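Data block below; observations after.
What you see is a predicted model; the values in this text were computed from it and never measured. Start at 1 with the first residue, then count along the sequence. Side-chain atoms are counted along with the backbone in the values below, which use heavy atoms only and exclude waters and symmetry mates.
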Amino acid sequence: MSTSAEPRVSGLEVRSIDYVPLDERHGKLWHLGPLWFMSNAQIATLAVGLVSITEGGNLIWSLLAIVSGTVVGTFFMAFHSAQGPQLGLPQMIQSRPQFGYVGALLVWLFAYVQYAGFNVFNTSLAGEALHTTLHGGVKLWVVVVTAVALAVALVGYDIIHKAERLLTYAFLVIFGVFTVGVLVTLHYPAGSFDLGAFKWTPFLAQFGVVAGYQISWAIYVSDYSRYLPPDVTVRKTFYWTYFGSALGGVWLMVLGTLLAAWAGKDFDTIPSIDSAGDKVFDGFGAVVLLFSALGLVSVTALNMYGGSLTLISALDSFRRVRPTLAVRLVTLAFTAALSLVGALAATSNFLENFQNFLLLVLYLFIPWTAVNLMDYYVVRRGHYAIAEIFNPHGIYGRWGLHGIVAYLVGFAVMIPFFSVGTLYVGPAAEALGGADISLFVGLPVSALLYWWLTRSIDVAAETRLAEAEAAELEKAAHAHREP
């Protein structure tokens with residue numbers, strides 16, 4: 001099937017966690033590039049680049065930590081993206097073969113908290129940006145941003161892709177000018193580019209937060225590639241996702257580091273962007289902030305969309321859910337309301353602790369990404385009986401002990417290496433001067449343990465079952481029900 005086929009669906013999206021049949025597959029592979037570029041190229045990402053500077057690192061080593069953290073973290077999320085076209089399923093429902101029909105609730109709970117947490121931050125930041133430029137009060141704009149994002153998320157997959165493409169073109173112009181202005185007009189402290197001023201702790205803190213931020217996208221990515229036809233190939237899906245996300249992430253995180261190094265202790269995200277923009281020409285800071293608010297609306301819609309899919313997956317674990325527009329509407333509205341309440345109640349303390357939130361995300365999803373990718377690319381090599389994923393009494397069982405054990409063990413061995421600001425510093429991290437290397441511990445332990453526990457899985461039998469159930473799977477999808 002051609003990757004340029006016209007869409008076979010229109011209007012409000014109906015599908016949610018259900019399988020996308022082959023004759024509804026549509027879209028162009030390159031659309032993943034701008035989608036993931038723009039998802040990262042927004043000012044919430046800018047805040048991720050502040051860690052090293054605020055902890056005493058210098059500019060050059062902060063930049064190197066950002067680039068290396070992005071290279072590593074994006075690798076995992078892009079491999080998750082490649083699963084979407086092959087399986088025709090959103091990301092988190094794919095955890096059932098590893099964790100079980102009910103056991104997958106373990107990771108879905110963490111995923112839902114992540115969606116809510118990011119939206120509290122995103123809408124608060126957008127509200128502040130709009131209040132700075134248009135006035136009217138931060139809380140009013142938080143409500144407006146949430147409502148617009150909800151409408152976009154309700155229309156669904158196609159409008160989100162289209163919006164991100166349009167925003168990408170505008171971003172390249174507006175932020176291109178802004179970035180040149182930052183590089184040309186701002187001045188940085190002495191020693192900013194001294195390679196001899198390396199400090200291990202802020203470097204690893206920055207690396208870990210950046211890698212965690214990129215890995216946190218892993219729970220989204222198949223949601224936005226699952227309508228593509230399977231002939232797009234794993235390799236090309238990986239490339240478009242990887243380079244789009246990595247370029248957007250590096251661009252904004254580097255901007256964050258540059259602005260923080262310039263402003264020093266006076267740095268404050270919205271005022272500093274406004275001030276730096278006005279150094280290009282008067283009023284340009286407001287243009288940058290207004291466009292930034294649009295970017296935050298789009299990523300808020302992504303979070304609502306993914307949060308809705310995760311919530312439906314969780315509900316389906318207790319009682320089978322027929323995927324309908326009504327189900328999407330209810331779960332989207334609940335997800336929007338939850339993030340709205342959080343944003344309206346948020347204080348400056350929440351925004352100050354965004355770094356800690358990112359580290360917690362990293363800790364929670366490192367074992368999951370290790371298990372999921374090991375299962376897909378090494379153990380089962382992409383061969384799943386998709387109909388069985390929706391069967392509470394199917395071959396994947398209610399509790400996937402292999403995945404659960406590998407996850408919990410991987411998480412447990414990471415704990416001594418945690419370094420979460422003033423919240424917790426594990427004994428191993430303390431011995432390393434506060435440096436956090438938990439990423440390099442949890443990944444291999446969870447992945448290798450899962451591989452060892454699953455050596456007896458009969459993948460050939462699963463493949464035969466998938467072939468036998470393929471026709472019924474397509475039929476059920478056309479009837480808008482689970483198989």
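Using a 4.5 Å heavy-atom cutoff, the side chains of T123 and L296 are not in contact. Counting heavy atoms from C-beta outward, I395 and L465 have side chains that approach closer than 4.5 Å. Within the 4.5 Å cutoff, no side-chain heavy atoms of T257 are placed close to those of L50. At a threshold of 4.5 Å between non-hydrogen side-chain atoms, the residues L340 and V120 do not count as touching. The shortest side-chain heavy-atom distance between M253 and V210 falls under the 4.5 Å cut-off. Between F175 and Q42, every side-chain heavy-atom pair lies at or beyond the 4.5 Å cut-off. In this structure the side chain of L302 never reaches within 4.5 angstrom of the side chain of F118, judged on heavy atoms. Between F99 and V371, some side-chain heavy-atom pair lies under the 4.5 Å cut-off.
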Between L46 and T269, does a side chain to side chain contact (heavy atoms under 4.5 Å, CB included) hold up when you go through it step by step?
CA-CA 8 Å; L46 183 147; T269 304; 4.2 Å; yes

Should Y19 and E474 be marked as a side chain to side chain donor-acceptor pair (under 3.5 Å) after you check the CA-CA gap, both sets of side-chain angles, and the distance that decides it?
CA-CA 8 Å; Y19 167 77; E474 294 285 330; 2.5 Å; yes

Applying side chain to side chain contact (heavy atoms under 4.5 Å, CB included), run through R25 and V20 and close with a yes or a no.
CA-CA 7 Å; R25 304 295 185 91; V20 179; 3.7 Å; yes

Run Q98 and M374 through side chain to side chain contact (heavy atoms under 4.5 Å, CB included) and show every step you take.
CA-CA 10 Å; Q98 303 97 52; M374 176 61 75; over 6 Å; no

How far apart are the C-alpha atoms of E462 and Y396, what are their side-chain angles, what is the distance that settles it, and do they pass the side chain to side chain donor-acceptor pair (under 3.5 Å) test?
CA-CA 10 Å; E462 287 189 26; Y396 298 121; 3.1 Å; yes

Apply salt bridge (Lys or Arg N to Asp or Glu O under 4.0 Å) to the pair E13 and R226, showing each step before the final yes or no.
CA-CA 13 Å; E13 183 182 1; R226 74 190 197 277; 3.1 Å; yes

Just do the side chain to side chain contact (heavy atoms under 4.5 Å, CB included) check on Y407 and L364 with the steps written out, would you?
CA-CA 9 Å; Y407 179 94; L364 292 172; 4.0 Å; yes

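Residue R381 qualifies as open at atom CZ: its count of foreign heavy atoms under 6.0 Å is 12 or below. Counting heavy atoms of neighbouring residues, nucleotides and ligands inside a 6.0 Å radius, atom CH2 of W200 does not exceed 12 of them.
The shortest heavy-atom contact between H26 and D158 is NE2-OD1, 2.8 Å. Of all non-hydrogen atoms in L453 and H402, the two that sit nearest each other are O-NE2, 3.3 Å. Annotation for L87 and G382: closest pair CD2-O, 4.2 Å, computed over non-hydrogen atoms. Contact record, P21 with A477: CD-CB, 3.7 Å, taken as the closest heavy-atom pair. Between A218 and Q91, the shortest heavy-atom contact is O-CG, 3.2 Å. Among all heavy-atom pairs drawn from V327 and R322, the shortest one is CG2-O, 3.6 Å.
Judged as a salt bridge (charged side-chain N to carboxylate O under 4.0 Å, His left out), the pairs with a partner in residues 77-103 (not counting sequence neighbours) are, in order, R96-D316. Screening residues 361-377 for salt bridge (charged side-chain N to carboxylate O under 4.0 Å, His left out) gives D375-R380 as the qualifying pairs, with residues at least two apart or on separate chains.
Although no hydrogens or angles enter the test, the distance criterion places a donor-acceptor pair under 3.5 Å between the side chain of S68 and the main chain of A65. S446 places a side-chain N or O within donor-acceptor distance of the main-chain N or O of A406, the cut-off being under 3.5 Å. Without hydrogens or angle criteria, T241 side chain to F238 main chain gives no donor-acceptor distance under 3.5 Å. A donor-acceptor pair is defined here as one N or O able to donate and one able to accept, closer than 3.5 Å; no such pair exists between the side chain of D436 and the backbone of F418. With hydrogens and angles ignored, the 3.5 Å screen pairs a side-chain donor or acceptor of S317 with a backbone N or O of Y101. T331 places a side-chain N or O within 3.5 Å of a backbone atom of R328 that can act as its donor or acceptor partner.
Side-chain contact of Y213 with T45: a donor-acceptor pair under 3.5 Å is present, judged by distance alone. With no hydrogens or angles considered, a side-chain donor-acceptor pair links S298 and E164 at under 3.5 Å. If you check the side chains of H80 and S222, you find no donor sitting under 3.5 Å from an acceptor. In this model, no donor atom of one side chain and acceptor atom of the other lie less than 3.5 Å apart for Y450 and N372. A donor and an acceptor atom, one from each side chain of Q214 and Y242, are nowhere located under 3.5 Å apart.
For F171 and W251, the gap between ring centers is short of 6.0 Å. Taking the six-membered ring for Trp and the full ring otherwise, the centers of W36 and W217 sit less than 6.0 Å from each other. Centroid-to-centroid, the aromatic rings of F411 and Y363 stay 6.0 Å apart or farther. You'll find the ring centres of Y220 and Y224 outside the 6.0 Å limit.
Taking CG from L309 and CG from D223, the interatomic distance works out to 5.0 Å, rounded to the nearest 0.5 Å. Note that the CE atom of M92 and the CH2 atom of W108 stand 8.0 Å from one another [nearest 0.5 Å]. A distance of 11.0 Å separates CG of L166 from CG of L294, quoted to the nearest 0.5 Å. To the nearest 0.5 angstrom, Q94 atom CD is 8.5 Å from I386 atom CD1. Between the CE atom in M304 and the CG atom in L332 there is a gap of 8.0 Å [rounded to 0.5 Å]. Annotation: the span from S39 atom OG to L32 atom CG amounts to 10.5 Å, rounded to 0.5 Å.
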Run the side-chain donor-acceptor check on residues 109-117: report pairs under 3.5 Å with partners two or more places apart or on a different chain.
from: Y112; atom 1: OH; to: T335; atom 2: OG1; distance (Å): 2.8
from: Q114; atom 1: NE2; to: S216; atom 2: O; distance (Å): 2.9
from: Y115; atom 1: OH; to: I219; atom 2: O; distance (Å): 3.2

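Aromatic ring pairs are classed by plane angle as parallel below 30°, tilted from 30° to 60° and perpendicular above 60°; the pair F207 and F440 is parallel. Ring-plane geometry between W368 and F365 is classed as perpendicular, the angle between the planes exceeding 60 degrees on a 0 to 90 degree scale with a lower cut at 30.
Checked options L154, L12, V152; the residue passing with I159 is V152 (criterion: side-chain contact (heavy atoms from CB on, under 4.5 Å)).
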